[in-house]
Amino acid sequence: MEGKPEATIKYMVCHDGSQSSADAYQFVKFGLLRNTDELVVAHVWSRAKEEYLDFKMKRDYIHNTVEAECSGMGKRFVFHDEEMLPNKPVTAKSMLNDIAETEKASICVVGFHGRKGPKADPTVMGSAVQYLSTESKTPVLIMKDPKTREQRPDGYRLAACVDGSRKSLLALSMICDIRQPNDKICVITCAQKNIDVALVKEKVEKLLTERGCFEHAEINVLESEFGVKTAEIIKRFLISQTEKYIDIVLVGNQGADFSHSDHSRYLGSVADAIIRHTKLNALFIP
């Protein structure tokens, strides 16, 4: 069955010259980007810091490098840089968030760590990632283990955690948007007291069929376990997929069973477990 026409996706990669952000850029450019998609490389810089940075982290180097690599994209590519002015009390992360809104980005892509590299505690993410994971109005793809199409000749495996909530169904819909012909879809639902699994499965099958993706998908229903949190069950399942590696897992940052009083700043338990405690690339709907 033919699905809907391909949606144009505008990826915005936050590039600070760090290895993590450079890897994220390479993943998008040579892994996700289709001929119909658009790419924005966003860079925030400061004159005061330029003097002390490694040359690969300087504005001109980043600009010249990505512009040369993306010259064939024409108007589908934009390098958007903003200077941090000393008299303005704003942070680089808030400026990146503003750029995403200005550019009307479909997905904001960030490396898990910034210029300072990995933290001593692997569960601690970079400050920009932490900020965007709770403040961004744009879906955020957090890169930890980027692989290009050449490294995945049989296609990517894209997973979505679906509990029937609006955001989880949006995550599944976004998988259908970004998948390419050889990519597989893995849907994960965990039985919970407040979830009608049969109804969730029905919604999932309907969405996949409408999008022409049903034959490329598998639906996994995980049983609940007494005394074990849903986030832990899902995390264990994701980690166990060693032979059928998951390249990106999508999740709404608030599921059907979140209970935190400040919903706008709360990162749901499943999203938190995936982002902090697995090595998977995670894309979540804020």
(request) Could you state whether Ile107 and Met73 fall into the same hydrophobic cluster, counting links through intermediate Ile, Leu, Val, Met, Phe, Trp or Tyr residues with side-chain heavy atoms under 4.5 angstrom apart? (result) yes

(message) Looking at Glu150, I want to see if its CD is surrounded by more than 12 non-hydrogen atoms of other residues, nucleotides or ligands under 6.0 Å.
(response) no

(request) Indicate yes or no for a side-chain donor-acceptor contact from Asn64 to the backbone of Asp60 under 3.5 Å, with no hydrogens or angles considered. (result) yes

(request) Measure across Asp37 and Leu32 and return the closest heavy-atom pair with its distance rounded to 0.1 Å. (result) OD2-O, 3.8 Å

(request) Salt-bridge test for Glu50 and Arg59: reply yes if a basic N is under 4.0 Å from a carboxylate O, no otherwise. (result) no

(message) Return the CD to CD1 distance between Glu67 and Ile62, rounded to the nearest 0.5 Å.
(response) 13.0 Å

(message) Nearest 0.5 Å, please: how far is OG1 in Thr138 from NZ in Lys104?
(response) 11.0 Å

(request) Determine, step by step, whether Ile185 and Leu172 satisfy the side-chain contact (heavy atoms from CB on, under 4.5 Å) criterion, reporting the C-alpha distance in whole Å, the side-chain angles of both residues, the deciding distance to 0.1 Å, and the verdict. (result) CA-CA 9 Å; Ile185 295 175; Leu172 179 57; 4.2 Å; yes

(message) Which heavy atom of Ser224 sits nearest to which heavy atom of Ala191, and what is that distance?
(response) CB-O, 3.2 Å

(request) May I ask you to check whether over 12 heavy atoms, not counting those of Asn35, lie within 6.0 Å of atom CG? (result) no

(request) Check whether any side-chain heavy atom of Val28 sits under 4.5 Å from a side-chain heavy atom of Leu39, and report yes or no. (result) yes

(message) Just by distance, no angles: are the side chains of Gln19 and Asp23 close enough, under 3.5 Å, to form a donor-acceptor pair?
(response) yes

(message) Closer than 3.5 angstrom, by distance alone: can the side chain of Asp183 be matched with the main-chain N or O of Gly155 as a donor-acceptor pair?
(response) no

(request) Using atom types as modelled and distance alone, determine if a side-chain donor or acceptor of Arg179 lies under 3.5 Å from a backbone N or O of Pro181. (result) yes

(message) Is there a side-chain contact between Lys58 and Lys49 in this structure, where contact means two heavy atoms from C-beta onward sitting under 4.5 Å apart?
(response) no

(request) State, with a plain yes or no, whether a side-chain heavy atom of Leu280 is found less than 4.5 Å away from one of Asp145. (result) no

(request) Consider only side-chain heavy atoms of I, L, V, M, F, W and Y, link residues closer than 4.5 Å, and tell whether Phe237 and Val228 are in one cluster. (result) yes

(request) Kindly work out whether a path of hydrophobic side-chain contacts (I/L/V/M/F/W/Y, heavy atoms less than 4.5 Å apart) joins Tyr11 to Phe30. (result) no

(request) Report the C-alpha distance between Cys70 and Tyr25 in whole Å, list the side-chain angles of each, state the deciding distance to 0.1 Å, and finish with yes or no for side-chain contact (heavy atoms from CB on, under 4.5 Å). (result) CA-CA 11 Å; Cys70 299; Tyr25 161 74; 3.4 Å; yes

(request) Determine, using the 4.5 Å side-chain heavy-atom cutoff (strictly less than), whether Val162 and Phe214 are members of one ILVMFWY cluster. (result) yes

(request) Report yes or no: does Glu103 contribute a side-chain atom to a donor-acceptor pair with the main-chain N or O of Met12 at less than 3.5 Å? (result) no

(request) Report yes or no: does Thr209 contribute a side-chain atom to a donor-acceptor pair with the main-chain N or O of Glu205 at less than 3.5 Å? (result) yes

(request) State plainly whether one hydrophobic cluster holds both Leu207 and Leu199, where clusters connect Ile, Leu, Val, Met, Phe, Trp and Tyr through side-chain heavy atoms under 4.5 angstrom apart. (result) no

(request) Go through the steps for Arg236 and Glu225 under the test salt bridge (Lys or Arg N to Asp or Glu O under 4.0 Å), then give the verdict. (result) CA-CA 12 Å; Arg236 282 194 329 224; Glu225 300 177 29; 2.4 Å; yes

(message) Are the side chains of Leu250 and Leu141 in contact, using a 4.5 Å heavy-atom criterion?
(response) no

(request) Compare every heavy atom of Cys161 with every heavy atom of Ile234, then report the nearest pair and how far apart it is. (result) CG2-SG, 3.8 Å

(request) Quickly, which of Ile99, Asp16, Asp81 forms a side chain to side chain contact (heavy atoms under 4.5 Å, CB included) with Val44? Name it, please. (result) Ile99

(request) Kindly give the heavy-atom pair with the smallest separation between Val109 and Ala24, and that separation in Å. (result) CG1-CB, 4.0 Å

(message) Can you classify the ring geometry of Tyr61 versus Phe55 as parallel (below 30°), tilted (30 to 60°) or perpendicular (above 60°)?
(response) perpendicular

(message) Could you check whether any side-chain heavy atom of Leu283 comes within less than 4.5 Å of a side-chain heavy atom of Met174, counting everything from C-beta outward?
(response) yes

(request) Nearest 0.5 Å please: distance from the SG atom of Cys186 over to the NE2 atom of His216. (result) 15.5 Å

(request) Mark yes or no for whether Thr36, through its side chain, and Thr8, through its backbone, hold a donor-acceptor pair below 3.5 Å. (result) no

(message) I'd like to check Val40 versus Val13 (side-chain heavy atoms, cut-off strictly below 4.5 Å). Are they in contact?
(response) no

(request) Measure from the ring center of Tyr156 to the ring center of Phe27 and say whether it is less than 6.0 Å. (result) yes

(message) With a 4.5 Å cut-off on side-chain heavy atoms, are Val200 and Asp163 touching?
(response) no

(message) Donor-acceptor pair, distance only, cut-off 3.5 Å: does the side chain of Arg149 make one with the backbone of Gly31?
(response) yes

(request) For Val110 and Val140, run side-chain contact (heavy atoms from CB on, under 4.5 Å): C-alpha distance rounded to whole Å, both residues' side-chain angles, the deciding distance at 0.1 Å, then the answer. (result) CA-CA 7 Å; Val110 293; Val140 178; 4.0 Å; yes

(request) Before giving the answer on side-chain contact (heavy atoms from CB on, under 4.5 Å), spell out for His80 and His43 the whole-Å C-alpha distance, their side-chain angles and the decisive distance to 0.1 Å. (result) CA-CA 6 Å; His80 188 142; His43 177 66; over 6 Å; no

(message) Measuring from atom NZ of Lys235 to atom OG1 of Thr230, what distance do you get when rounded to the nearest 0.5 angstrom?
(response) 13.5 Å

(message) Tell me whether Glu202 at atom CD has more than 12 heavy atoms from other residues, nucleotides or ligands lying less than 6.0 Å away.
(response) no

(message) Looking at Lys56 and Gly17, would you say the former's side chain and the latter's main chain have a donor-acceptor pair under 3.5 Å?
(response) no

(request) Of all the heavy-atom pairs spanning Lys137 and Asn97, show the shortest one and how long it is. (result) N-OD1, 4.1 Å

(message) In the structure I gave you, are the side-chain heavy atoms of Leu169 and Lys203 within less than 4.5 Å of one another anywhere?
(response) yes

(message) Once rounded to the nearest 0.5 Å, what's the spacing between atom SG of Cys108 and atom CD1 of Ile142?
(response) 9.5 Å

(message) On a heavy-atom basis, which atom in Lys147 and which in Arg152 lie closest, and how many Å separate them?
(response) CG-NH2, 3.8 Å

(request) Decide whether Asn220 and Glu218 meet the rule of one side-chain donor and one side-chain acceptor closer than 3.5 Å. (result) yes

(request) Spell out, as yes or no, whether a donor-acceptor pair under 3.5 Å connects the side chain of Ser173 to the backbone of Leu170. (result) no

(message) Using modelled atom types and a 3.5 Å cut-off, is there a donor and acceptor pairing between side-chain atoms of Ser106 and backbone atoms of Lys10?
(response) yes

(request) Can you measure from SG (Cys176) to CZ (Arg211) and round to the nearest 0.5 angstrom? (result) 5.0 Å

